[in-house]
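Shown next, in structure tokens, is the structure this report addresses.
Lettering of chains follows the sequences in order, A, B, ..., and the numbering in each one begins at 1.
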There are 2 protein chains.
Amino acid sequence: MSDFRLKVFYTVAQRLSFTKAAQELYLSQPAVTKHIRELEQQYQATLIDRSGSRVSLTPAGRSLLVYATRIIELYSEAAIEVSALQHQTSGTLTIGASTTFAQYILPQMLARFHSRYPDVKVNVYAENTERIEQALQDRKIGIGIIEGKTKNKALRYTPLIRDEIVLVAATRNKQARKGSLRLTELPAVPLVLREPGSGSLEVIAHALRKAGLRLSQLQAPVRMNSSEAIKSYLLQSDAMAFLSIHTVLRELERDELSVVDVKGLSIERQFHLIHPHGEPERLAGTFQQFALSYNHML
Amino acid sequence: MSDFRLKVFYTVAQRLSFTKAAQELYLSQPAVTKHIRELEQQYQATLIDRSGSRVSLTPAGRSLLVYATRIIELYSEAAIEVSALQHQTSGTLTIGASTTFAQYILPQMLARFHSRYPDVKVNVYAENTERIEQALQDRKIGIGIIEGKTKNKALRYTPLIRDEIVLVAATRNKQARKGSLRLTELPAVPLVLREPGSGSLEVIAHALRKAGLRLSQLQAPVRMNSSEAIKSYLLQSDAMAFLSIHTVLRELERDELSVVDVKGLSIERQFHLIHPHGEPERLAGTFQQFALSYNHML
DNA sequence: TTGCGGGATAATAATATATCATGTCCGACT
DNA sequence: AGTCGGACATGATATATTATTATCCCGCAA
């Protein structure tokens with residue numbers, strides 16, 4: 001038997017990449033390699049073929065994946081079931097969330113949450129990180145979800161999901177057609193950036209600095225303070241923008257916007273659940289359990 | 001998630017005893033306590049009520065048990081399925097087994113094995129430990145199952161199942177009716193023992209010695225070299241005998257024989273799978289996988 | 001009230017699992 | 001072909017988890 005190992009295997013099987021799986025699981029790549037190797041030893045079978053440049057499942061791997069999937073589902077169901085027995089399942093919960101999360105991810109999450117706990121009323125309080133932390137300490141909200149991670153000692157941070165910030169452009173943009181861009185070409189591109197002081201902008205600046213570029217070297221003719229506004233602008237121009245992948249999922253699907261890969265640049269951050277130390281409020285605990293197992297539901 | 005922990009929980013739930021579960025899992029009792037405590041922490045729920053002198057499942061525990069059972073089944077099925085893909089599933093396997101095992105446990109095991117691998121023919125070679133080890137080294141047999149554990153360095157020993165040797169008597173025996181016996185009363189009881197030199201007798205002698213009794217202090221008017229013979233004798237007399245619990249399961253069910261508990265005396269040994277070092281023969285590997293997961297099937 | 005079976009607790013030892021730094025291999029691109 | 005970059009493997013080492021041993025404590029039965 002082996003539980004976390006199965007989850008690792010499952011993730012690798014989904015992403016067909018050891019490195020991607022490692023990121024998703026907040027692990028190093030060698031750790032993933034090791035888990036897979038030990039699973040293979042346990043089952044005396046090669047589960048994943050990594051002889052070529054792409055990894056793929058062997059027959060034994062495909063067979064195990066069926067079981068792994070079901071087992072992981074059951075773990076998740078068990079957690080919800082037991083939690084439902086324990087926690088209060090009616091009342092009102094106020095969730096504080098950062099704008100991006102509140103607009104693009106939380107809605108679907110709440111839809112599922114509601115079907116599971118129909119008697120819980122939820123208020124959403126969309127604000128910036130600082131205000132959410134304050135509200136949490138004042139007990140104005142039961143739980144918070146923020147981008148990045150500050151180190152407020154009165155609060156506990158639990159990684160929830162990974163957010164990736166990508167460079168996007170209107171699909172008809174010729175450079176977008178190419179699909180990728182060198183880092184050195186970036187200063188030539190007109191960009192729409194968020195307003196100074198925004199958390200997103202800081203993450204972007206930090207990642208650029210690590211790659212050897214200053215924000216001041218970039219062309220930023222326009223600054224806007226809302227993702228929706230930026231997207232509209234892009235559709236009307238040849239500019240590009242750095243946006244959370246979650247904010248552009250719909251436009252990517254409709255093929256209105258496209259992701260432009262920048263070689264050597266990767267901008268990531270995580271959404272964290274935050275809650276005060278000690279026992280969580282009951283409804284907050286229920287929601288936390290739910291949110292953490294939400295990943296498993298895909 | 002948590003895999004081994006679920007197995008621990010499952011075992012405790014079955015036996016309704018931390019200590020018994022620990023023995024079955026080859027763990028110490030504190031380890032079991034710890035696992036349960038951490039599961040409870042994880043699910044934020046009390047799973048097992050151990051306030052009184054008996055332990056029992058809480059509602060949350062009962063709910064989790066349903067999932068745990070299914071998950072454990074799936075692990076077991078996955079192992080068999082993957083193993084079936086890998087290993088050869090036709091041919092002939094010769095299994096060497098000690099008499100008790102070959103007579104009382106192996107048959108049901110082989111029945112299941114056959115339904116899973118219909119194309120494998122199995123020969124059973126019932127002998128004593130020494131001969132089985134020799135045959136294994138000579139490659140006359142593919143895998144062996146013995147009582148106890150010698151320290152032959154050319155072979156690897158894997159614990160398979162626990163065997164308990166209990167004192168039994170005919171149910172109509174008045175002392176059997178009482179259900180238990182003090183250690184000091186034992187010398188007054190007429191016993192039927194196995195012949196000198198038998199492995200079972202040595203285990204019994206060793207356990208008695210640890211409890212402060214010599215074999216020579218006991219009344220052993222009759223010695224016999226077969227469990228079946230001893231059982232027949234018991235039914236005709238007031239004598240008692242030390243026999244493996246596995247050899248008397250049927251008689252206990254029919255209420256012909258009864259177990260007499262001897263306070264302060266517990267005689268245990270384990271059946272071990274033995275195989276040569278290095279890669280096992282393919283069919284031997286298949287059988288080994290199967291045998292080890294056989295426990296989980298109950 | 002005393003002893004005993006059985007679970008809890010604490011200190012410590014053994015194992016398992018992580019990371020970091022680095023190596024190797026495959027395929028893409030000049 | 002030669003070189004580069006992306007991606008998995010490997011080995012040394014640090015950390016975390018899980019085990020054991022020894023001991024305590026509690027409820028129950030004699």
Check the side chains of [Y] and [X] for a donor-acceptor pair under 3.5 angstrom, ignoring hydrogens and angles.
X        : Y        : answer
B:Thr19  : B:Gln23  : no
B:Thr69  : B:Glu73  : no
B:Ser258 : B:Thr171 : yes
A:Asp163 : A:Ser244 : yes

Starting from [atom2] on [N], measure out to [atom1] on [X] and report it in whole angstrom.
X       : N      : atom1 : atom2 : value
B:Leu47 : C:dG7  : CG    : P     : 16 Å
B:Arg54 : D:dC26 : CZ    : C1'   : 15 Å
A:Leu16 : D:dC8  : CG    : P     : 10 Å
B:Arg5  : D:dA19 : CZ    : P     : 8 Å
A:Gln42 : C:dA16 : CD    : P     : 13 Å
B:Gln29 : D:dA22 : CD    : P     : 14 Å
B:Leu27 : D:dT20 : CG    : C1'   : 10 Å
B:Leu25 : D:dA19 : CG    : C1'   : 13 Å

Overall bend of the helix from C:dT1-D:dA30 to C:dT30-D:dA1 (five pairs an end, 10° steps) is 20°
* Apply salt bridge (charged side-chain N to carboxylate O under 4.0 Å, His left out) to B:Arg172 and B:Asp238, showing your working. => CA-CA 9 Å; B:Arg172 47 152 193 69; B:Asp238 276 343; 3.6 Å; yes
Original post:
When you measure from the side chain of B:Ser63 to the backbone N and O of B:Pro59, does any donor-acceptor pair fall under 3.5 Å?
Top reply: no
| request: Output yes when a side-chain donor or acceptor of A:Arg70 lies under 3.5 Å from a complementary backbone atom of B:Leu74, and no otherwise. | output: no
Is the distance from OP1 or OP2 of D:dC8 to the nearest side-chain N or O of A:Thr19 less than 4.0 Å? yes
Distance below 4.0 Å between A:Arg50 side-chain N/O and D:dA7 OP1 or OP2:
no
The correct set of residues in residues 30-38 of chain A placing a heavy atom under 4.0 Å from DNA chain C is A:Pro30, A:Ala31, A:Lys34, A:His35, A:Glu38
Within the 6.0 Å centroid threshold, strictly below: B:His35 and B:Phe4: yes
- Query: B:Arg162 and B:Glu24: salt bridge (charged side-chain N to carboxylate O under 4.0 Å, His left out), yes or no, with the steps?
  - Reply: CA-CA 7 Å; B:Arg162 178 180 297 269; B:Glu24 187 165 328; over 6 Å; no
### Message
So A:Ser28, base contact, sugar-phosphate only, or nothing? Heavy-atom distance under 4.0 Å.
### Response
base
